[in-house]
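Just so you know, these numbers use all the heavy atoms, side chains as well, and skip hydrogens, waters and symmetry mates.
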Amino acid sequence: MVVTRSRLHAIRMTQAFDDGITSKSYRGISTLVAFSESVEDPDVTEKEYTEAEKNGFSEGQLPKQFGSDDYQVLVIAETYQTGFDEPLLHIMYVDEKVKTKGVRVSRPCLVSTGSRPARPTPSCSTL
């Protein structure tokens with residue numbers, strides 16, 4: 001999971017991932033993007049992006065699709081940042097300055113809160 005600072009950054013990050021995957025001819029790696037509403041890219045004339053358009057299916061299908069073997073990377077902005085309980089979440093990269101009530105929060109704090117590493121999983125029964 002990659003947490004971006006804005007919806008536009010989520011679009012651009014997803015495009016960068018997809019371009020890199022294609023240019024390196026990687027197989028078995030696909031990305032999804034999650035953000036609210038729609039976003040316009042000022043560098044692309046008259047282009048508005050939606051989550052459904054970028055992913056190729058409705059917003060409600062995202063959790064099920066991410067849980068499939070078809071997708072390995074989820075790029076998000078302004079969604080899923082609190083209360084996100086995804087058993088598949090192993091690593092969260094935060095591409096933004098993290099603040100809460102004007103105080104900077106350490107990235108490890110956010111990552112451990114978001115990913116709930118103390119939750120037992122089938123692959124890690126010692127927790």
Whether E48 side chain and V39 backbone form a donor-acceptor pair below 3.5 Å: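 Not confirmed, E48 side chain does not pair with V39 backbone.
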D41 side chain to L8 backbone, donor-acceptor under 3.5 Å: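 Side chain of D41 to backbone of L8, a donor-acceptor pair under 3.5 Å: no, none is there.
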Derivation and outcome, side chain to side chain contact (heavy atoms under 4.5 Å, CB included), residues E46 and E40: CA-CA 8 Å; E46 298 182 20; E40 291 184 28; over 6 Å; no
F17 side chain near I29 side chain, heavy-atom distance below 4.5 Å: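 No, their side chains stay 4.5 Å or more apart.
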Beyond-backbone contact of I76 with V33, side-chain heavy atoms, under 4.5 angstrom: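 Side chain of I76 against side chain of V33, heavy atoms only: no contact under 4.5 Å found.
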Stepwise side chain to side chain contact (heavy atoms under 4.5 Å, CB included) check, D70 with S30: CA-CA 7 Å; D70 297 331; S30 298; 5.8 Å; no
Got a second to check how far [X]'s [atom1] is from [Y]'s [atom2], nearest 0.5 Å?
{"X": "Q65", "Y": "N55", "atom1": "CD", "atom2": "CG", "value": "8.5 Å"}
{"X": "Q72", "Y": "L32", "atom1": "CD", "atom2": "CG", "value": "9.0 Å"}
{"X": "E51", "Y": "S38", "atom1": "CD", "atom2": "OG", "value": "11.5 Å"}
{"X": "E59", "Y": "F35", "atom1": "CD", "atom2": "CZ", "value": "9.0 Å"}

Salt-bridge present (R12, D43; N to O < 4.0 Å):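 So R12 pairs with D43 through a salt bridge.
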Between [X] and [Y], what is the shortest heavy-atom contact and its length?
{"X": "F66", "Y": "L74", "value": "CE1-CB, 3.7 Å"}
{"X": "A77", "Y": "S6", "value": "CB-O, 3.2 Å"}
{"X": "K47", "Y": "E53", "value": "NZ-OE2, 3.7 Å"}
{"X": "I11", "Y": "Y49", "value": "CD1-CB, 3.6 Å"}

Between D18 and T31, a side-chain donor and acceptor under 3.5 Å: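 The answer is yes; a qualifying pair exists.
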Within 6.0 Å of CG in D69, more than 12 heavy atoms from elsewhere: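 At most 12 heavy atoms, drawn from other residues, nucleotides or ligands, come within 6.0 Å of this atom.
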